[in-house]
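Keep in mind the model is a prediction, meaning the values are calculated, not measured.
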Amino acid sequence: MNMNKALNFIAENNIEPSAVFALVEKVRSMDLSNETSIRSVIKDVSTLVNKPIDKQQENKIVKEILKNGINDNLFNMI
């Protein structure tokens, strides 16, 4: 994943760094092949960036993660 893209996303959305680190710790211990876990992270990110995600968009993100893992395309989906 492109770190500059991640850092720009954090800055553009005025996200608290401590919240990002907490989310990273949560994701580290998760099974990202588990759809329920992925949906939980998506909801956390949605709350963190204060951008609601509808069910259709959530389904697209879940499908992308299950197929390709976490990658730069995800930033364009949020």
Side-chain angles (χ1 to χ4, degrees):
M1 178 176 288
N2 183 331
M3 251 342 216
N4 284 334
K5 197 166 196 173
L7 293 173
N8 286 337
F9 183 81
I10 291 167
E12 289 169 2
N13 289 283
N14 199 26
I15 301 170
E16 286 291 323
S18 60
V20 174
F21 290 123
L23 183 61
V24 167
E25 285 303 313
K26 178 180 178 178
V27 171
R28 247 186 223 190
S29 63
M30 294 178 86
D31 175 10
L32 290 178
S33 65
N34 179 298
E35 188 173 324
T36 303
S37 296
I38 294 170
R39 289 185 188 281
S40 172
V41 171
I42 291 168
K43 288 180 176 128
D44 290 347
V45 171
S46 173
T47 301
L48 194 65
V49 298
N50 198 28
K51 291 185 181 179
I53 295 178
D54 62 33
K55 195 65 170 177
Q56 182 180 9
Q57 191 176 16
E58 181 181 319
N59 290 338
K60 284 175 64 176
I61 294 169
V62 168
K63 185 176 178 180
E64 175 71 20
I65 292 171
L66 289 172
K67 182 179 177 187
N68 298 314
I70 297 176
N71 59 52
D72 290 348
N73 292 336
L74 295 174
F75 290 103
N76 301 325
M77 299 176 91
I78 298 175

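- Residues forming a salt bridge (Lys or Arg N to Asp or Glu O under 4.0 Å) with Lys63 (at least two apart in sequence, or on another chain): none.
- There is no path of hydrophobic side-chain contacts, each under 4.5 Å, that joins Phe21 to Met30.
- Partners of Asn68 under the side chain to side chain contact (heavy atoms under 4.5 Å, CB included) rule, at least two apart in sequence or in another chain, are Glu64, Asn71.
- Contacts of Lys43 classified as side-chain hydrogen bond (donor to acceptor under 3.5 Å, both in side chains), with partners at least two apart in sequence or in another chain: none.
- Across all their heavy atoms, Pro52 and Ser46 have their closest contact at CA-OG, 3.6 Å.
- Considering only residues two or more places apart in sequence or on other chains, Lys55 meets the side chain to side chain contact (heavy atoms under 4.5 Å, CB included) condition with Arg39, Glu58, Asn59.
- Between the OG atom of Ser37 and the CD1 atom of Ile42 there is a distance of 11.0 Å, given to the nearest 0.5 Å.
- Other residues, nucleotides and ligands place more than 12 heavy atoms under 6.0 Å from the CD atom of Glu25.
- Listed by chain and number, the residues in a side chain to side chain contact (heavy atoms under 4.5 Å, CB included) with Thr47 amount to none (sequence neighbours excluded).
- For Glu16, the salt bridge (Lys or Arg N to Asp or Glu O under 4.0 Å) criterion is met by no residue, not counting sequence neighbours.
- The shortest non-hydrogen separation linking Leu32 to Ile65 is O-CG2, 4.2 Å.
- Remark: Asp54 CG is packed, more than 12 non-hydrogen atoms of other residues, nucleotides or ligands lying under 6.0 Å away.
- Atoms CG and CD1, on Leu66 and Ile61 in that order, are 12.0 Å from each other to the nearest 0.5 Å.
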